[in-house]
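In what follows, every chain begins at residue 1, and chains take the letters A, B, ... in the order their sequences are listed. No hydrogens, no waters, no symmetry mates; every other heavy atom, side chains included, goes into these values.
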Amino acid sequence: MKHDQVMNVAKKRGFLWSSFEIYSGVAGFVDYGPLGAILKNKIMNKWRKYYVVGEGFYEIESPTIMPEEALKASGHVDHFTDPMTECKDCMDVYRADHVIEEHTGEDVEGLENQILTEKISENKIRCPRCGGHLNKVWNYNLMFQTLIGAKGKKIGYMRPETAQGIFIPFKRLLRFFRNKLPFGVVQLGKAYRNEISPRQGVIRLREFTQAEAEIFINPQDKSHPRFSKIKEYKLNLYPASSQMGDKKIITLTAHEAHKNEIVSSEMLIYQLYLAQKFLRELGIPDNVLRFRQHLPTEMAHYAIDCWDVEVKTDRYGWIEIIGIADRSDYDLKSHSDYSSEDLKVFMEYPEPVNIKKTIAKPNMQKFGPAFKNQAPALMKFLEETDSEEIKKSFQTNGFFEVELEDKYQILPEHLEFEEVDETIRGEKIFPHVIEPSFGIDRIVYSVLLHCFNQEEDKNYFQFATDIAPVEVSVFPLLNQEDLTSMAQDIKDKLRELGFIAEYDSSGTIGRRYARSDEIGVPFALTVDHESLSSDTITIRNRDDSQQIRIPIADIPTILLDLKESKIEFKNLKSLYGDL
RNA sequence: GCGGCUGUAGUAUAGUCUGGUUAGUACUUGGGCCUUCCAAGCCUACAGCCCGGGUUCAAAUCCCGGCAGCCGCACCA
């Protein structure tokens with residue numbers, strides 16, 4: 001299987017291996033080795049180039065440990081869990097709600113554990129496997145818990161996603177962006193999930209790296225300013241309707257996807273486009289990519305629309321590497337509720353609106369004495385209440401009842417109704433959030449898998465020039481003093497100029513080319529005898545073993561142009577001629 | 001988390017059933033020789049029985065536990 005060969009080379013040549021090996025390892029953790037770490041960083045920097053430079057989003061960095069309150073608000077403390085139950089006899093563990101649903105057909109999702117436990121005993125549900133008794137229902141929370149501070153009273157969790165770190169300082173971010181939508185903020189970093197049994201190598205890690213962008217937009221306007229530029233761009237879509245129907249992947253242009261309402265907004269389609277362009281430049285071809293829409297049943301309740309970018313693998317089938325979701329205003333709303341901070345944005349209308357409006361104004365001489373210290377709270381409540389509703393209640397009941405800590409009856413004599421002209425310049429709204437969320441480790445894996453090339457006697461990573469960990473190899477043709485010293489000098493010079501260059505003189509030249517190819521070094525410079533007399537050197541292309549002789553003085557510019565794809569290797573030929 | 005199978009240098013393996021010499025081989029890697037362009041050859045070196053306990057005069061080998069990997073179930077996105 002290609003997977004096995006790739007992981008083998010990856011381990012052997014220092015890209016990736018499982019962590020803590022000398023202590024037998026722990027499932028769900030990996031080390032990136034010397035080359036893997038560079039590769040991963042280059043991929044992350046390319047991501048930054050796309051989202052920070054290209055899209056104009058800004059990057060922030062927030063802690064990986066978060067206090068319990070914050071994750072209560074996001075719903076992770078209560079909902080990032082599974083209700084589990086264990087058979088007392090065979091010790092098998094089950095999802096409690098699934099067992100009950102299977103037995104009774106009742107939808108019990110989201111019910112308290114106690115109620116689930118009761119349901120199990122009421123319905124005399126037994127272990128589906130052995131018929132044994134099932135234990136009390138407990139929550140398995142996927143978050144790693146820790147204690148903050150010396151006394152350890154404050155519960156903290158390792159963050160399960162980087163996104164929350166962006167929602168929490170929303171007010172400061174909004175100020176930074178001078179109170180105007182839309183704007184985007186990104187974060188790249190580690191996230192943690194204590195998976196029950198991670199067995200899919202780098203696909204399911206307990207500690208993994210995410211790159212997430214949170215794009216805050218006006219819910220009324222999910223268009224994208226550059227949509228017209230990408231409207232002919234083709235996307236391989238696998239919408240929910242196809243998944244439930246003919247299982248066919250359909251190829252549509254961005255425009256068609258929008259017109260036919262396959263994808264819910266321009267903004268979302270633009271994000272799909274961007275993701276695909278990014279992956280393509282990483283060397284993941286379109287034919288192993290698809291965009292799969294979440295089924296209504298699997299979508300989080302707050303999401304409006306959600307698409308996974310999936311990559312085809314021989315080992316794991318289609319795997320999700322990127323999730324692109326319209327999360328609506330869910331996150332900001334719940335942080336608003338929990339923190340009682342106002343996380344709304346004031347949206348100014350294009351034209352101010354003048355309206356006539358009846359307001360209920362308290363008659364303080366009567367209102368104050370009647371409600372005493374509750375008066376301020378009641379006034380605030382009335383301000384937020386539609387005065388028509390109050391009027392109606394007066395007509396039918398003779399009073400208007402307000403329930404705060406107690407119930408209060410407001411009588412007509414307490415209020416005066418007044419007609420006022422009001423100019424409304426805008427309104428405060430919660431922005432909606434479009435979130436592309438990249439699983440960096442899975443992307444690194446996909447790059448390794450799909451860049452790996454097998455030709456007769458040559459196995460190598462065909463990395464794009466801008467993500468190849470080692471950028472250039474420098475060899476002496478033979479292991480002779482005059483050649484080696486020149487090659488060493490060239491290598492040092494290139495290092496000084498910022499290239500990741502490697503020198504190698506061991507074994508035959510062929511072996512060195514092979515070694516260099518295997519780890520995906522795109523170019524090799526070879527010092528031969530002609531170099532000594534003519535100040536030229538041969539440059540060899542990894543992908544086709546072609547060589548061209550170039551002046552030594554031109555090496556840095558040529559390498560840089562090749563790295564940034566400003567020129568292709570085959571075009572060098574017309575500039576410098578054949579070897 | 002449960003059940004089955006598996007675990008020997010960096011990699012691939014022999015040896016395990018039937019306990020007994022210095023754990024063998026190939027590739028890789030380091031050093032050297034040779035070599036005027038694609039894993040050649042020669043010399044040489046480094047490197048291993050997953051961890052812990054038990055049985056035994058003696059354990060890579062038998063037994064128990066742990067850990068990890070694979071497969072199935074369950075779980076997860």
Margin query: Distance check, P atoms only: B:G10 and B:G30, in whole angstrom units.
Written below: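 To the nearest whole Å, 15 Å.
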Margin query: Give me the distance, rounded to whole Å, that separates B:G72 from B:U16 when you measure between the P atoms they each carry.
Written below: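 One P to the other, the span is 31 Å.
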Next item on the list: Go through the structure and list residues passing ring pair (Phe, Tyr, Trp, His ring centres under 6.0 Å) with A:Phe452, not counting sequence neighbours.
Entry: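 Expected list: A:Phe461.
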Check: For the pair made of CD in A:Glu195 and C1' in B:A77, what is the distance, rounded to whole Å?
Finding: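 Roughly 8 Å, once rounded to whole Å.
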Next item on the list: Measure the distance from NE2 on A:His529 to P on B:U36 and round it to the nearest whole Å.
Entry: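 Computing the A:His529:NE2 to B:U36:P distance gives 8 Å.
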Margin query: Assess, by modelled atom type and distance only, whether the side chains of A:Gln546 and A:Asn541 contain a donor and an acceptor separated by less than 3.5 Å.
Written below: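 Looking only at side-chain atoms, A:Asn541 and A:Gln546 do not form any donor-acceptor pair under 3.5 Å.
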Item checked: side-chain contact (heavy atoms from CB on, under 4.5 Å) against A:Glu518, all qualifying residues, sequence neighbours excluded ->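 Checked A:Glu518 against side-chain contact (heavy atoms from CB on, under 4.5 Å); matches are A:Val9, A:Lys12, A:Arg13.
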Checklist line | Test side-chain contact (heavy atoms from CB on, under 4.5 Å) applied to A:Ser62 - qualifying residues, sequence neighbours left out | finding: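 A:Arg159, A:Gln187.
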Check: Hey, which of these two, A:Asn8 or A:Arg292, hits RNA chain B nearer its 5' end, going by closest nucleotide?
Finding: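 Upstream on the strand: A:Asn8.
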Check: Restricting to pairs with a member in residues 321-333 of chain A, which pass salt bridge (charged side-chain N to carboxylate O under 4.0 Å, His left out), not counting sequence neighbours?
Finding: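 Every salt bridge (charged side-chain N to carboxylate O under 4.0 Å, His left out) pair that includes a residue of residues 321-333 of chain A, provided the two are not neighbours, is A:Glu161-A:Arg327, A:Lys222-A:Asp326, A:Arg327-A:Asp331, A:Arg327-A:Glu435, A:Asp329-A:Lys333.
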Next item on the list: Establish, yes or no, whether the cationic atom of A:Arg292 lies under 6.0 Å from the six-membered ring centre of A:Trp318 and within 45° of the ring axis.
Entry: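 Cation-pi check for A:Arg292 and A:Trp318: fails.
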Check: What does nucleotides 25-34 of chain B look like as a protein-contact string, B for base, S for sugar-phosphate only, - for none, at under 4.0 angstrom between heavy atoms?
Finding: ---SSSS---
What nitrogen or oxygen pairs link the protein and nucleotides 68-71 of chain B at under 3.5 Å?
{"unit_1": "B:A68", "atom_1": "OP1", "unit_2": "A:Ala27", "atom_2": "N", "d": "3.4"}
{"unit_1": "B:A68", "atom_1": "O4'", "unit_2": "A:Ser24", "atom_2": "O", "d": "3.1"}
{"unit_1": "B:C70", "atom_1": "OP2", "unit_2": "A:Arg199", "atom_2": "O", "d": "3.3"}
{"unit_1": "B:C70", "atom_1": "O3'", "unit_2": "A:Arg315", "atom_2": "NH2", "d": "3.4"}
{"unit_1": "B:C71", "atom_1": "OP1", "unit_2": "A:Arg315", "atom_2": "NH1", "d": "3.1"}
{"unit_1": "B:C71", "atom_1": "OP1", "unit_2": "A:Arg315", "atom_2": "NH2", "d": "3.1"}
{"unit_1": "B:C71", "atom_1": "OP2", "unit_2": "A:Arg315", "atom_2": "NH2", "d": "3.4"}
{"unit_1": "B:C71", "atom_1": "N4", "unit_2": "A:Arg199", "atom_2": "NH1", "d": "2.5"}

Next item on the list: Please work out which of the three classes, parallel, tilted or perpendicular, describes the rings of A:Tyr51 and A:Phe278, given edges at 30° and 60°.
Entry: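 Perpendicular: the ring planes of A:Phe278 and A:Tyr51 meet at over 60°.
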Check: Is it true that A:Tyr270 and A:Tyr273 have ring centroids separated by less than 6.0 Å?
Finding: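 Between A:Tyr270 and A:Tyr273, the centre distance is under 6.0 Å.
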